[in-house]
K.L.:
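Input: one structure, supplied below.
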Amino acid sequence: MKMKVDRISNLPDSIIEEIMSHLSIRDAVRTSILSSHWRYKWAMFSKLVFNKSSFPFPSQDGVVYMNEFATIIDHILLLHIGPIDKFELSYAARPLEQSDINRWIIHLSRTRTSIKDLVLDASTGQDYILPSCLFSCQSLTNLVLCHCMLKPPPTFHGFENLRSLKLKFVNVAQHLLENLISSCPVLESLNLVDLESSSHLNINAKNLKFFNIEGFYQGISFENTTSLAEVTISFSFDDYNRENHDRAHKNSSNLLEFFYQLSQIRRLDISYGFLKNYLGVGIEPCNLPKPGVHLHYLAVDINLDNKEDCLATLCLLSSAPNLRELQIKVDLDELEVNAVGTKTNFWEDDHFSCLFTKLQLVKIFSIGDSQPELDFIKFMLSKSPVLERMIVRPAKALGLRDELGFTKKCIRFMRASVRAEIIWLDP
Amino acid sequence: MSSSSTTTTTTRLLMLKASDGVTFEVEEAVATKLGAINNMVEEEGSEDLICLPNVNGKFLGMVLEWCKKHANNNTNSDKGNDEVNKWWDKEFVMDLDQNTLYHLLMAADYLSGTELVDLLTEKVASMIRGKKVEEIRETFKIKSDFLPGQEEEIRKKNSWAFE
């Protein structure tokens with residue numbers, strides 16, 4: 001039986017608003033010509049998202065549409081009714097006028113029912129300085145800024161409701177950045193990607209739980225970060241190594257300090273040079289205290305042919321008595337370059353006489369078929385009494401003969417855990 | 001599902017009475033998935049019989065069926081539960097006719113079942129998404145009451161949305 005009655009038009013506005021929130025702007029605006037009843041319903045739309053999928057332009061005539069783009073957003077903001085919870089502008093394909101973006105931010109910061117979620121990822125062509133009124137949006141809980149310059153006014157005292165902050169390709173003076181982070185009292189998630197002009201960064205955020213950082217830095221330190229549970233660090237270094245060496249020799253190892261500052265850390269993921277050039281600097285094979293008691297997941301990039309790398313990894317492992325999962329990505333390029341490195345088996349020396357009593361899963365990726373890699377596998381198998389799985393994936397196809405040779409050697413290794421299985425994946 | 005033996009506390013049972021007099025006996029943990037009922041239960045000295053004069057028995061039954069599934073799936077805190085819920089939600093809205101969809105939405109909204117409203121409004125949105133205006137009118141039996149030329153004028157103003 002077909003329905004003859006128009007039910008949807010009789011739904012209360014609160015529900016229509018919910019329906020609109022599931023639609024893209026384009027679909028929402030289209031409802032304006034359903035009937036006179038629907039003429040302005042779309043304007044209750046509370047999440048204004050202008051990105052490629054919600055606001056698609058036909059590929060041809062793209063330039064013409066770009067010129068209209070600002071007019072359309074103006075039009076939408078003018079007709080909009082009710083709160084704007086979210087404003088997202090992710091349209092980096094073509095440059096937008098800075099004055100246009102300024103106008104929208106000013107509008108959003110004035111709207112009485114205040115904005116919670118602001119995402120600005122527009123290409124402005126050059127360094128675009130955000131208008132200072134942005135810093136008065138105290139209702140913000142999520143802020144994402146890309147390709148711009150941050151200069152908070154002197155009167156800025158933090159975003160009191162901000163929970164999540166992401167900055168990508170942002171130009172901000174180091175002290176301003178540190179100040180911004182420390183003055184957001186409920187900040188839980190911080191994501192810093194390829195910032196300009198930062199050297200040694202100090203993170204001070206007492207409620208921070210998740211932290212991700214990528215880019216070039218000389219180092220990092222943490223203050224009052226007692227809630228920090230998940231950390232991902234992908235650092236690259238230029239010539240700062242020497243300086244770190246000097247610093248580290250003055251006050252024990254960076255590794256110890258790192259764990260001391262991150263007492264609650266549960267997941268740690270580090271790649272590129274952070275281990276070798278920062279954490280590992282100044283490490284001496286000695287009996288470390290066990291500071292990382294909550295650490296249960298660790299992922300590192302290491303060059304198994306480099307003694308400092310191995311030592312730093314071993315220190316990390318022996319500092320984390322409750323580690324359950326370990327993921328190793330072998331730094332293969334360097335392995336080939338330094339093929340004539342340490343010929344002795346680093347792992348046999350057993351510098352710390354450690355035993356990984358909780359480790360259940362080990363993943364080793366991008367492995368070649370050299371002796372240091374075999375030695376490492378042997379070491380992990382012999383030191384992990386409750387290991388359930390070791391998953392190995394070679395960097396490239398080794399060829400049937402080499403692969404067989406490698407696996408034959410692996411089969412012979414003593415396993416501390418009777419339940420341990422080795423899973424050999426295809427590259 | 002039978003209550004597991006590990007929980008020793010006896011779950012409180014509520015009687016929900018729909019507009020047509022049909023009653024449902026449900027566990028408190030199930031009914032409180034609905035914000036409105038949760039508020040009533042939290043009041044001190046609340047009675048076990050709750051009258052819901054704005055909801056018909058047929059639709060109240062469906063709302064409670066949804067609540068039951070979600071309450072059960074949430075108790076065993078396994079990772080796969082999100083998947084199970086999603087799959088079940090998909091089944092739930094799959095073949096709803098518009099009349100049922102409308103009444104369910106009204107019932108869910110009245111009972112402050114936020115998650116269910118979200119699921120149902122997404123279902124409505126999926127019937128609008130990417131469709132031509134004529135198709136949407138046809139789907140929902142909406143009659144255009146614009147004067148000749150008026151519609152064309154609005155179309156022109158927002159031409160970017162009608163490409």
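Quantities reported herein were computed from a predicted structural model and do not represent experimental measurements.
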K.L.:
CZ of B:Arg137 to OG1 of A:Thr31: how many Å apart, nearest 0.5 Å?
P.N.:
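OG1 of A:Thr31 is found 11.0 Å from CZ of B:Arg137.
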K.L.:
Are more than 12 heavy atoms, taken from residues, nucleotides or ligands other than A:Arg389, located less than 6.0 Å from that residue's CZ atom?
P.N.:
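Not buried by this count: 12 neighbours or fewer within 6.0 Å.
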K.L.:
Rounded to the nearest 0.5 Å, what separates atom OG in A:Ser36 from atom CD in B:Glu151?
P.N.:
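Answer for the OG-CD pair, A:Ser36 versus B:Glu151, is 11.5 Å.
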K.L.:
Around atom CD of A:Gln264, are there more than 12 heavy atoms from other residues, nucleotides or ligands closer than 6.0 Å?
P.N.:
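Yes - once you tally the heavy atoms of other residues, nucleotides and ligands closer than 6.0 Å, there are more than 12.
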K.L.:
Using non-hydrogen atoms only, which part of B:Lys143 is less than 4.5 Å away from chain A: side chain, backbone, both, or neither?
P.N.:
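Contact with chain A is through the backbone of B:Lys143 alone.
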K.L.:
Any side-chain heavy-atom pair from B:His103 and A:Arg7 closer than 4.5 angstrom?
P.N.:
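Yes; the side chains approach each other to less than 4.5 Å.
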K.L.:
Hey, could you give me the CD1/CG distance between A:Ile19 and B:Asp118, rounded to the nearest 0.5 Å?
P.N.:
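If I round to the nearest 0.5 Å, the distance is 11.5 Å.
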K.L.:
Does A:Arg266, at its CZ atom, have more than 12 non-hydrogen atoms belonging to other residues, nucleotides or ligands within less than 6.0 Å?
P.N.:
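No, CZ of A:Arg266 has 12 or fewer neighbouring heavy atoms, counting only those of other groups under 6.0 Å.
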K.L.:
Can you see which heavy atom on B:Asp109 is nearest to which on A:Pro12, and at what distance?
P.N.:
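Heavy atoms of B:Asp109 and A:Pro12 come nearest at OD2-CG, 4.3 Å.
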K.L.:
Is it the backbone or the side chain of A:Ser9 that comes under 4.5 Å from a heavy atom of chain B, or both, or neither?
P.N.:
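Only the side chain of A:Ser9 comes within 4.5 Å of chain B.
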K.L.:
For A:Glu18, run the side-chain contact (heavy atoms from CB on, under 4.5 Å) check against B:Leu105, B:Thr121, B:Val124 and tell me which one passes.
P.N.:
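Of the listed residues B:Leu105, B:Thr121, B:Val124, the side-chain contact (heavy atoms from CB on, under 4.5 Å) partner of A:Glu18 is B:Thr121.
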K.L.:
Give me the atom names and distance for the closest heavy-atom approach of B:Ser144 to A:Ser35.
P.N.:
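Taking B:Ser144 first and A:Ser35 second, the nearest heavy atoms are CA-CB, 4.3 Å.
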K.L.:
Rounded to the nearest 0.5 Å, what separates atom CD1 in B:Ile154 from atom CD1 in A:Ile33?
P.N.:
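CD1 of A:Ile33 is found 7.0 Å from CD1 of B:Ile154.
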K.L.:
Pick one of side chain, backbone, both or neither for A:Ser14, based on which atoms fall under 4.5 Å of a heavy atom in chain B.
P.N.:
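A:Ser14 touches chain B through side-chain heavy atoms alone.
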K.L.:
Do the side chains of A:His22 and B:Arg129 get nearer than 4.5 Å, heavy atoms only?
P.N.:
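Heavy-atom side-chain distance check passes, below 4.5 Å.
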K.L.:
Against chain A, label B:Lys131 side chain, backbone, both or neither, depending on which of its atoms sit under 4.5 Å from a heavy atom there.
P.N.:
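Contact with chain A involves the backbone of B:Lys131 alone.
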K.L.:
Say you draw a straight line from CD1 of A:Ile8 to OH of B:Tyr102; how long is it, rounded to the nearest 0.5 Å?
P.N.:
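Answer rounded to 0.5 Å: 11.0 Å.
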K.L.:
Nearest 0.5 Å please: distance from the CZ atom of A:Arg39 over to the CG atom of B:Asp145.
P.N.:
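It is 12.0 Å, given to the nearest 0.5 Å.
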